[in-house]
Amino acid sequence: MLIPVLRRLALLPLLFSSLAVAATAPPPDPDPGLAARLDRVIDEAVRSQRIIGTVVVVSVGGKVVYQRAGGLADREQGIPMRKDSIFRLASMSKPLVSATLMKLAQDGVLRLDDPVTRWLPDFRPRLADGTTPVITLAQLLTHQAGLSYGFLEAGGKGPYHSAGVSDGLDAPGLSLAENLRRLGSVPLLYRPGERWQYSLSIDVLGGVIAAATHGSLPKAVRDTVLTPLRMTDTGFTVDNPGRLATPYVDHRPRPIRMTGTMDVPLGEGFVRFAPARLFNPASYPSGGAGMSGTAGDFMKFLLAIRNDGAPILAPATIRQMMRDHAGAAAQTQGPGWGFGYGWGVLDDPRAAATPQSAGTIQWGGAYGHAWFFDPQRDIAVVALTNTTFEGMSGQFPRQVRDAVYGKVQ
């Protein structure tokens with residue numbers, strides 16, 4: 001089984017003293033049951049029509065040990081999923097944009113304690129009392145800036161909806177300048193730094209990155225992350241739309257095809273999706289939700305994190321990103337989780353009821369995705385689906401996780 005093998009390796013002197021050491025260690029012996037367990041999870045999820053299709057990639061010890069495409073990329077046209085199928089990444093954009101910002105900080109182009117107004121002078125949202133507080137880049141990076149998302153407003157009623165603020169998944173053709181104007185017109189929920197709230201803050205940082213580089217967010221992400229890692233199928237546009245997986249929405253007895261603009265219930269609110277946004281060149285590049293890419297490409301990014309950031313970031317920067325900067329009150333993935341720079345950070349595996357190790361980083365995407373990297377066990381997993389929200393927060397990502405850790409499905 002996978003876990004006993006890794007535990008034996010963990011006893012080797014200094015193996016996990018740093019990620020750099022782990023990067024040069026020999027890969028663990030293969031787990032002969034891993035593929036069978038994951039195959040069962042995928043086959044059952046597709047058979048029961050909880051998901052339409054998926055691509056799952058698993059790395060152990062820095063080596064890809066499992067990669068499979070299952071189900072369909074387009075059910076109505078009978079197109080099978082491929083290992084190189086492209087997905088709308090939604091919030092999986094956030095780690096890539098956060099890494100780009102951290103490279104700029106590492107190079108001294110900007111500082112995390114900079115006020116956002118240094119780079120975006122017109123972005124000055126106010127508190128409910130009318131005062132204008134300072135918002136730092138670090139507060140934006142950790143979702144502690146007082147902002148929110150429209151999909152978190154109960155019943156689709158609230159100031160974000162009234163102001164027409166886009167969550168970065170809808171409103172094809174909307175510019176960043178206009179969305180920031182709308183966002184800045186809404187009162188902050190709290191004084192920056194006082195609490196944690198998942199938000200549009202990474203979209204704001206996208207504007208900061210563009211200003212700091214005197215260019216565009218897509219170019220900065222491409223130059224900083226995508227090109228060095230050879231993530232050739234990832235970006236804010238799709239060069240080969242024939243490889244793009246068709247999105248579907250949870251429904252019984254089977255998921256329904258996502259068309260036009262759809263409001264999909266989530267909690268007390270709803271997420272508004274407009275898949276065609278990706279093809280409108282006037283749509284602003286949403287730093288929090290606007291990218292597309294493949295599972296294989298994203299695994300390259302996780303392996304760079306695993307390799308102490310090489311070749312895109314310094315080890316000290318990676319350590320800073322992987323620390324919990326928000327505390328347990330953030331509850332970003334439920335009990336036991338905090339938040340770092342770009343992802344949730346596991347503080348207490350027992351509270352989270354997970355086999356993952358403390359220090360695991362994890363996030364997902366609303367179009368139906370999940371990923372994690374466990375540095376103690378040296379395991380990285382990317383599971384992309386074309387089914388909202390089952391692939392992000394349903395049974396499927398938990399079953400994939402458990403199968404990787406050796407639990408029988």
Side-chain angles (χ1 to χ4, degrees), residues 6 16 18-20 22-23 56-62 89-103 106 138 141-144 196 198 201-202 205 225 229 231 288 291 293 295 297-310 312-365 369-384 392-393 397-398 400-402 404-405:
L6 292 174
F16 292 116
S18 72
L19 291 177
V56 177
V57 184
V58 179
S59 169
V60 180
L89 294 178
S91 287
M92 286 178 62
S93 309
K94 289 180 172 70
L96 302 174
V97 173
S98 297
T100 301
L101 183 90
M102 291 303 295
K103 181 62 163 62
Q106 176 182 296
L141 193 59
T142 56
H143 299 277
Q144 295 176 303
W196 188 92
Y198 197 39
S201 62
I202 309 302
L205 286 179
V225 177
L229 295 182
M231 296 172 65
M291 298 184 72
D297 268 6
F298 202 83
M299 179 57 76
K300 293 176 183 177
F301 177 67
L302 295 187
L303 291 178
I305 295 170
R306 185 254 180 197
N307 291 337
D308 253 359
I312 58 174
L313 293 168
T317 301
I318 289 295
R319 290 193 294 271
Q320 187 178 11
M321 294 180 72
M322 294 183 70
R323 289 201 301 269
D324 178 6
H325 295 274
Q331 298 278 304
T332 59
Q333 302 279 282
W337 290 88
F339 195 81
Y341 290 163
W343 41 61
V345 177
L346 181 59
D347 296 319
D348 186 345
R350 183 181 295 274
T354 176
Q356 297 158 310
S357 309
T360 293
I361 59 173
Q362 174 175 288
W363 210 245
H369 317 313
W371 64 268
F372 70 84
F373 169 54
D374 180 340
Q376 290 195 42
R377 305 289 183 89
D378 207 0
I379 300 171
V381 175
V382 179
L384 307 187
M392 176 184 72
S393 54
R398 294 192 294 272
V400 168
R401 176 201 68 190
D402 289 348
V404 168
Y405 282 91

Just how far is it from atom [atom1] of [X] to atom [atom2] of [Y], taken to the nearest 0.5 Å?
{"X": "Leu101", "Y": "Leu205", "atom1": "CG", "atom2": "CG", "value": "5.5 Å"}
{"X": "Met231", "Y": "Ile312", "atom1": "CE", "atom2": "CD1", "value": "8.5 Å"}
{"X": "Arg377", "Y": "Phe372", "atom1": "CZ", "atom2": "CZ", "value": "10.0 Å"}
{"X": "Thr354", "Y": "Arg398", "atom1": "OG1", "atom2": "CZ", "value": "11.0 Å"}

Do the side chains of Pro335 and Asp348 get nearer than 4.5 Å, heavy atoms only?
-> no
Are Met92 and Leu384 close enough that some pair of their side-chain heavy atoms sits under 4.5 Å apart?
-> yes
Considering non-hydrogen atoms only, spot the tightest contact between [X] and [Y] and give its length.
{"X": "Ala358", "Y": "Gln376", "value": "O-NE2, 2.8 Å"}
{"X": "Ala304", "Y": "Leu229", "value": "CB-CD2, 3.8 Å"}
{"X": "Arg401", "Y": "Pro355", "value": "NE-CD, 3.6 Å"}
{"X": "Ala99", "Y": "Val225", "value": "CB-CG2, 4.2 Å"}
{"X": "Ala326", "Y": "Trp196", "value": "CB-CD1, 3.6 Å"}
{"X": "Ser98", "Y": "Ile202", "value": "OG-CD1, 4.2 Å"}

What do the steps show when you test Leu141 against Met102 for side chain to side chain contact (heavy atoms under 4.5 Å, CB included), and what is the final call?
-> CA-CA 10 Å; Leu141 193 59; Met102 291 303 295; 3.7 Å; yes
Contacts of [X] that satisfy side chain to side chain contact (heavy atoms under 4.5 Å, CB included) - sequence neighbours left out:
{"X": "Pro95", "value": "Phe298, Phe301, Trp343, Trp371"}
{"X": "Thr142", "value": "Gln144, His325, Tyr341"}
{"X": "Ala380", "value": "Ser59, Met299, Leu302, Phe373"}
{"X": "Ser91", "value": "Lys94, Tyr198, Trp363"}

For Lys300, which residues count as a side-chain hydrogen bond (donor to acceptor under 3.5 Å, both in side chains) partner, sequence neighbours excluded?
-> none
Can you check side chain to side chain contact (heavy atoms under 4.5 Å, CB included) on Leu346 and Ser357, steps first, answer last?
-> CA-CA 7 Å; Leu346 181 59; Ser357 309; 6.0 Å; no
Test side chain to side chain contact (heavy atoms under 4.5 Å, CB included) applied to Val404 and Asp374, Val381, Val56, the passing residue | Val381
Checking Asp324 side chain against Phe339 main chain: does a donor-acceptor pair fall under 3.5 Å?
-> yes
Name the atoms and distances for all side-chain donor-acceptor pairs under 3.5 Å in residues 315-322, with sequence neighbours left out.
{"unit_1": "Thr317", "atom_1": "OG1", "unit_2": "Gln106", "atom_2": "OE1", "d": "2.7"}

Run the side chain to side chain contact (heavy atoms under 4.5 Å, CB included) check on Ile305 and Ile361 step by step: do they pass?
-> CA-CA 10 Å; Ile305 295 170; Ile361 59 173; 4.3 Å; yes
Please lay out, stage by stage, how Val345 and Arg323 fare under the test side chain to side chain contact (heavy atoms under 4.5 Å, CB included).
-> CA-CA 7 Å; Val345 177; Arg323 289 201 301 269; over 6 Å; no
